[in-house]
**Q** 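Got a structure for you, questions after.
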Amino acid sequence: MRIVMVGAGYVGLVTGVCFADFGHDVVCIDNNQDKIDALNKGVMPIYEPGLKDLVEKNVASGRLSFASDISRAMNGAQAVFIAVGTPSRHSDGFADLAYVYSAAEEIARHITEFTVVVTKSTVPVGTGEEIENILEKSCSRNKFEVVSNPEFLREGAAISDFKEPDRVVIGTEHEQAIEVMKAIYRPIARNGKPILFTSRRTSELIKYAANSFLATKISFINEISDLSEVVGADIAEVAKGIGLDSRIGERFLQAGPGYGGSCFPKDTLALIRTATANDVKLPIVSAVVAANEQRKINMAHKIISALGGDVSNKTIAVLGLAFKSNTDDMRDAPALTILPILQAQGAKIKAFDPEAMREAQQSFTDIEYADNAYDCVEGADALVVLTEWDVFRGLDMARVKSLLKSPNVIDLRNIYSLKAVKEHGLNYVSIGRS
Ligand code: NAD
Ligand code: UGA
């Protein structure tokens, strides 16, 4: 099947290349010409494990291509996916749908045969109708059907999450559209993964409910980790102990510095805005948002108190800047809240991240960037782990201790074992364990 993917970011690019790998003919469109030029030269615009190889393989097979002009790509396409950004609107936290609507306008101008227009972007309930209205302005109603197909992949594990999802959700009740969507996802269905067909509005809400529930799990375990620390329990064991109950589940119970990234923060906020606009209150989701904001601030104060309450003129070596490991994405990373608080109190920041330093430079021009973890900790008054990159787990702690000016390690991801750090005589502060 010929598929057009509008938006070649984390979701569009991964989805596009995976569809090509399933045997479909895919053209990825992006209005950022630099991105398209880079992709056409084999340069990936994002860091995502396995992506470059899969793109190369599918470009070589002739099933995947990149362009900035949608008109030729649409010729003969049975499905067009909208995978553009839906960031938080700065003024009020609603999802900003400007990119979605402008993509819909461009698509509308080029529909000739019956086309399924699929919203892959995360969009508030009712957006499907808005897209329909836009398409109807340039195109007759029997030439298209708008379908919701939210994406659940995680950055850093995007390809395996896409190819082996827990489920695929498709929001449409239109028979022809159902057949097209079934054909697109046949390889996933053949692998035994459930394909759930719902109404379009239900599908739109599933996406926000899923992200908000996962964010709630994280905020819950973070809250319990605070208590755990004070009462002498170990949060990893508490998480395991509750997670082994299949009604709770073990995943997404890792305590940390607060959730970040391009989705949980904006989607929880957007869900609250949708509810407010419909006169419904979401006290649980609202509490999660507030708790997560406070969590990041608390983490800065945890670092300050581990250093005796005063960080002025102290150098803090920060390992990890991205919002999680295996990505270069800095959107809403906890580092963006924590580091400015430390700087405001007079601390100097030296940082290293294996992939996110180029992105980080857009936000932090006033920190020193190191070439590697050891270079980062040399001469510092403390080492702070902000992101759980594997490469930090195996650091030679004896070497770390000898490089640090003072042997303080504040581990906001619990990547080190208490025993190992104790053996090296480090002053170690972690999350949810005393
Ligand atoms: P992104 O910012 O990485 O990519 C969006 C791309 O769309 C950009 O390259 C931009 O240049 C392009 N674009 C914008 N308007 C365009 C237009 N009119 N025509 C062509 N290209 C256009 O965003 P993302 O992280 O891929 O997120 C996309 C959507 O998917 C969002 O709604 C997000 O909430 C959702 N989502 C993201 C993830 C994730 O892990 N990042 C996971 C699931 C769902
Ligand atoms: C998240 C969801 O997991 C995806 O299902 C969803 O598709 C995506 O948002 C989206 O809609 O964009 P992602 O943001 O890539 O994916 O990353 P996650 O692995 O979910 O992590 C999000 C944040 O929560 C990170 O800051 C991470 O460190 C934190 N986290 C995650 C924890 O603190 N503890 C955990 O146990 C899990």
Side-chain angles (χ1 to χ4, degrees), residues 4-16 28-36 38-39 45-46 48 66-70 73 80-88 95-107 119-124 127 149-158 161-162 165-166 207-208 210-215 217-222 225 236 239 243 249-268 270 292 295-296 320 322-335 386-388 412-414 431:
V4 175
M5 187 65 56
V6 181
Y10 283 88
V11 167
L13 188 53
V14 170
T15 306
C28 289
I29 301 292
D30 204 289
N31 59 5
N32 179 338
Q33 188 64 48
D34 290 344
K35 209 173 246 195
I36 293 299
L39 283 162
I46 52 169
E48 181 61 44
F66 304 102
S68 48
D69 175 23
I70 196 170
V80 183
F81 282 72
I82 299 176
V84 300
T86 48
S88 266
D96 183 349
L97 297 173
Y99 303 106
V100 171
Y101 293 156
S102 111
E105 281 163 16
E106 286 158 41
I107 291 166
T119 315
K120 196 44 126 177
S121 300
T122 302
V123 294
T127 304
N149 172 219
E151 182 48 55
F152 301 98
L153 64 77
R154 289 162 304 159
E155 291 178 19
D161 276 359
F162 187 87
D166 286 344
K207 174 63 194 176
Y208 283 97
N211 272 1
S212 299
F213 191 81
L214 291 168
K217 255 186 124 171
I218 297 167
S219 287
F220 178 83
I221 203 69
N222 283 343
S225 83
E250 286 185 77
R251 298 175 71 189
F252 275 71
L253 286 178
Q254 173 70 49
Y259 61 75
S262 66
C263 292
F264 287 171
K266 82 165 169 67
D267 292 347
T268 42
N292 196 59
R295 176 83 183 165
K296 294 181 281 182
F323 79 96
K324 64 174 202 173
S325 60
N326 294 321
T327 182
D328 59 352
D329 201 338
M330 284 294 299
R331 289 180 283 184
D332 266 315
L386 266 193
T387 315
E388 71 286 18
L412 301 183
R413 297 285 187 169
N414 286 3
I431 298 276

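Atoms within a ligand are numbered from 1 in the order they appear, just like the ligands themselves. No experiment lies behind these values; they were computed from the predicted model shown.
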**Q** Does the side chain to side chain contact (heavy atoms under 4.5 Å, CB included) test come out yes or no for Y99 and I82, once each step is laid out?
**A** CA-CA 9 Å; Y99 303 106; I82 299 176; over 6 Å; no
**Q** Numbering the atoms of ligand 1 from 1, which are under 4.0 Å from a heavy atom of Y10?
**A**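 In order of number, 3 (O), 25 (O), 26 (O), 41 (N).
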**Q** For atom 19 (O) of ligand 2, what is the nearest protein heavy atom, given as residue, atom name and distance?
**A**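 Among all protein heavy atoms, the one nearest atom 19 (O) of ligand 2 is K324 NZ, 2.9 Å.
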**Q** To the nearest 0.1 Å, how far is atom 1 (C) of ligand 2 from its closest protein heavy atom, and which atom is that?
**A**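 Checking every protein heavy atom, the shortest distance to atom 1 (C) of ligand 2 gives F264 CE2, 3.5 Å.
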**Q** Do K324 and Q254 pass the side chain to side chain contact (heavy atoms under 4.5 Å, CB included) test, and can you show the C-alpha distance, the side-chain angles, and the key distance before you say yes or no?
**A** CA-CA 12 Å; K324 64 174 202 173; Q254 173 70 49; over 6 Å; no
**Q** Please confirm whether the backbone N or O of I431 pairs with a side-chain atom of N414, one donor and one acceptor, at under 3.5 Å?
**A**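 At least one qualifying donor-acceptor pair exists.
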**Q** Counting only heavy atoms, tell me which of T86, I107, D96, V11 gets closest to atom 32 (O) of ligand 1.
**A**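 It is T86 whose heavy atom sits nearest to atom 32 (O) of ligand 1.
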**Q** Can you name the closest pair of heavy atoms from V11 and A83 and give their distance?
**A**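 In terms of heavy atoms, the two residues are closest at CG1-CB, 4.3 Å.
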**Q** Suppose I only count heavy atoms of A83 and a 4.0 Å limit; which atoms of ligand 1 are within that range?
**A**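 Taking each heavy atom of A83 in turn, ligand 1 has 5 (C), 28 (C) under 4.0 Å.
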**Q** Consider ligand 2: state whether an atom of it lies below 4.0 angstrom from any non-hydrogen atom of K207.
**A**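 Per 4.0 Å heavy-atom rule, K207 contacts ligand 2.
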**Q** Quick one: are N211 and T268 in side-chain contact, heavy atoms under 4.5 Å?
**A**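 No, their side chains stay 4.5 Å or more apart.
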**Q** Check ligand 1 against S262 and write out every atom of the ligand that is under 4.0 Å from a heavy-atom position of the residue.
**A**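 Near S262, meaning under 4.0 Å from one of its heavy atoms, ligand 1 has 41 (N).
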**Q** Which pair of heavy atoms, one from K217 and one from R251, lies closest together, and at what distance?
**A**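 Scanning both residues completely, I find the closest heavy atoms to be NZ-O, 2.7 Å.
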**Q** Indicate the atoms forming the closest heavy-atom contact of A239 with I221, along with that distance.
**A**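 A239 and I221 have their closest heavy atoms at CB-CD1, 4.0 Å.
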**Q** Within the structure provided, determine whether L39 and L13 are in side-chain contact (heavy-atom separation under 4.5 Å).
**A**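 Heavy-atom side-chain distance check passes, below 4.5 Å.
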**Q** Does G256 have a heavy atom less than 4.0 Å from any atom of ligand 2?
**A**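 For ligand 2, residue contact (heavy atoms, under 4.0 Å) with G256 is absent.
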**Q** Show which atoms of ligand 1 fall inside a sub-4.0 Å distance from at least one heavy-atom site of K35.
**A**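 Taking each heavy atom of K35 in turn, ligand 1 has 8 (C), 9 (O) under 4.0 Å.
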**Q** What atoms of ligand 1 come within less than 4.0 Å of a heavy atom belonging to S102?
**A**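 So the answer, numbered in order with elements, is 18 (N).
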**Q** Name the closest protein heavy atom to atom 5 (C) of ligand 1, giving the residue it belongs to and the distance to 0.1 Å.
**A**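 For atom 5 (C) of ligand 1, the nearest protein heavy atom is G85 N, 3.7 Å.
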**Q** Which residue owns the protein heavy atom closest to atom 22 (C) of ligand 1, what's the atom, and how far is it?
**A**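 Here the nearest protein heavy atom works out to N31 OD1, 3.3 Å.
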**Q** How far is atom 14 (O) of ligand 2 from its nearest protein heavy atom, and which residue and atom is that?
**A**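 Protein heavy atom with the smallest distance to atom 14 (O) of ligand 2: F323 CE1, 3.5 Å.
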**Q** Decide whether the shortest distance between a heavy atom of L153 and an atom of ligand 2 is less than 4.0 Å.
**A**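 Yes, L153 has heavy atoms under 4.0 Å from ligand 2.
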**Q** Looking at atom 28 (C) of ligand 1, what's its closest protein heavy atom, distance included?
**A**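 Result for atom 28 (C) of ligand 1: V84 O, 3.4 Å.
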**Q** Do me a favour and list the nearest non-hydrogen protein atom to atom 36 (O) of ligand 2 with residue, atom name and distance?
**A**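 Looking only at protein heavy atoms, the one closest to atom 36 (O) of ligand 2 is Q254 N, 2.9 Å.
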**Q** Looking at F220, I want to see if its CZ is surrounded by more than 12 non-hydrogen atoms of other residues, nucleotides or ligands under 6.0 Å.
**A**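 Not more than 12 within 6.0 Å, no.
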**Q** Please state which protein non-hydrogen atom is closest to atom 4 (O) of ligand 1 and give its distance, to 0.1 Å?
**A**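 The closest heavy atom on the protein side is G9 CA, 3.2 Å.
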**Q** I'd like the name of whichever of L253, D161, I218 reaches closest to atom 33 (O) of ligand 2 through any heavy atom.
**A**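 Shortest heavy-atom distance from atom 33 (O) of ligand 2: I218.
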**Q** Is there a polar contact, in the sense of an N or O pair closer than 3.5 Å, between N32 and ligand 1?
**A**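 Looking only at distances, the answer is no, because the N/O contact criterion of under 3.5 Å is not met.
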**Q** Tell me which protein heavy atom sits closest to atom 5 (O) of ligand 2, plus the residue, atom name and distance to 0.1 Å.
**A**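 Going by distance alone, atom 5 (O) of ligand 2 is nearest to F152 O, 2.7 Å.
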**Q** Are F264 and I218 side-chain neighbours, meaning at least one heavy-atom pair lies under 4.5 Å?
**A**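 Yes - at least one pair of side-chain heavy atoms lies under 4.5 Å apart.
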**Q** Would you indicate whether the side-chain heavy atoms of V6 and I107 approach each other to under 4.5 Å?
**A**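 I107 vs V6: side chains touch.
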**Q** What I want to know is whether D267 and ligand 1 share at least one N or O pair that is separated by under 3.5 angstrom.
**A**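 It does not: no N or O of D267 is found under 3.5 Å from an N or O of ligand 1.
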**Q** For a quick test of reading the model, state the closest non-hydrogen atom pair linking P265 to D332 and the distance between them.
**A**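 Shortest heavy-atom contact: CB-OD2, 3.5 Å.
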**Q** To check your reading of the model: name the closest protein heavy atom to atom 19 (N) of ligand 1, its residue, and the distance in Å.
**A**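 Atom 19 (N) of ligand 1 sits closest to the protein heavy atom V6 CG1, 3.5 Å.
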**Q** Of the side chain and backbone of I70, name the one, both, or neither that has a heavy atom under 4.0 Å from an atom of ligand 1.
**A**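 I70 to ligand 1: no contact under 4.0 Å from either part.
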**Q** What protein heavy atom sits nearest atom 6 (C) of ligand 1, and how far off is it?
**A**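 Result for atom 6 (C) of ligand 1: D30 OD2, 3.6 Å.
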**Q** Could you check which of R331, Q33, E155, R154 puts a non-hydrogen atom nearest to atom 40 (O) of ligand 1?
**A**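 Nearest option to atom 40 (O) of ligand 1, by heavy atoms: E155.
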**Q** Got the closest protein heavy atom to atom 12 (O) of ligand 2, with its distance?
**A**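 For atom 12 (O) of ligand 2, the nearest protein heavy atom is C263 SG, 2.2 Å.
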**Q** Give me the nearest non-hydrogen protein atom to atom 43 (C) of ligand 1 as residue plus atom name, then the distance to 0.1 Å.
**A**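 Sorting protein heavy atoms by distance from atom 43 (C) of ligand 1 puts E151 O, 3.3 Å first.
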**Q** Which atom names give the shortest non-hydrogen contact between Y208 and A270, and what distance separates them?
**A**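 Nearest heavy atoms, Y208 then A270: CE2-CB, 3.7 Å.
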**Q** Given side chain to side chain contact (heavy atoms under 4.5 Å, CB included), test T122 with K266 step by step and report yes or no.
**A** CA-CA 10 Å; T122 302; K266 82 165 169 67; 4.1 Å; yes
**Q** Are any of the side-chain heavy atoms of Y10 and D329 separated by less than 4.5 Å?
**A**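 Side-chain contact under 4.5 Å: yes.
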**Q** Is the shortest side-chain heavy-atom distance between R295 and S225 below 4.5 Å?
**A**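 R295 reaches S225 side chain to side chain.
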**Q** Please verify whether a non-hydrogen atom of R413 lies at under 4.0 Å from ligand 2.
**A**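 Under 4.0 Å: yes for R413.
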**Q** Can you list the steps and then say if T327 with R154 is a side chain to side chain contact (heavy atoms under 4.5 Å, CB included)?
**A** CA-CA 10 Å; T327 182; R154 289 162 304 159; over 6 Å; no
**Q** Which residue owns the protein heavy atom closest to atom 3 (O) of ligand 2, what's the atom, and how far is it?
**A**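 Protein heavy atom at minimum distance: R154 CG, 3.2 Å.
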**Q** Any idea which atoms of ligand 1 are less than 4.0 Å away from a heavy-atom of K207?
**A**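 Numbered from 1, ligand 1 contributes 43 (C).
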**Q** I'd like to know whether ligand 1 has K266 as a neighbour, heavy-atom separation below 4.0 Å.
**A**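 The answer is yes, since K266 has a heavy atom less than 4.0 Å from ligand 1.
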**Q** For atom 7 (O) of ligand 1, what's the nearest protein heavy-atom neighbour? Residue, atom name and distance, please.
**A**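 Protein heavy atom with the smallest distance to atom 7 (O) of ligand 1: G7 CA, 3.4 Å.
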**Q** Side chains of Y259 and L214: closer than 4.5 Å at any heavy-atom pair?
**A**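 With C-beta onward as the side chain, the pair stays apart.
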**Q** Tell me, which protein residue and heavy-atom name are nearest atom 15 (O) of ligand 2, and how many Å apart are they?
**A**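 Nearest neighbour among protein heavy atoms for atom 15 (O) of ligand 2, to 0.1 Å: E155 N, 2.8 Å.
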**Q** Need the ligand 2 atom indices (1-based, order shown) with element for anything under 4.0 Å from a heavy-atom of G260.
**A**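 In order of numbering, the contacting atoms are 22 (C), 23 (C), 25 (C), 26 (O).
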**Q** With side chains defined as the heavy atoms from C-beta onward, is the minimum distance between P87 and R331 less than 4.5 Å?
**A**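 A side-chain contact is absent here, since even the closest heavy-atom pair is not under 4.5 Å.
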**Q** Side chain or backbone, does Y99 bring an N or O within less than 3.5 Å of an N or O on ligand 1?
**A**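 There is no such contact.
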**Q** Restricting to non-hydrogen atoms, name the atom on S121 and the atom on V84 that form the minimum distance, rounded to 0.1 Å.
**A**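 Of all heavy-atom pairs spanning S121 and V84, the closest is OG-O, 2.6 Å.
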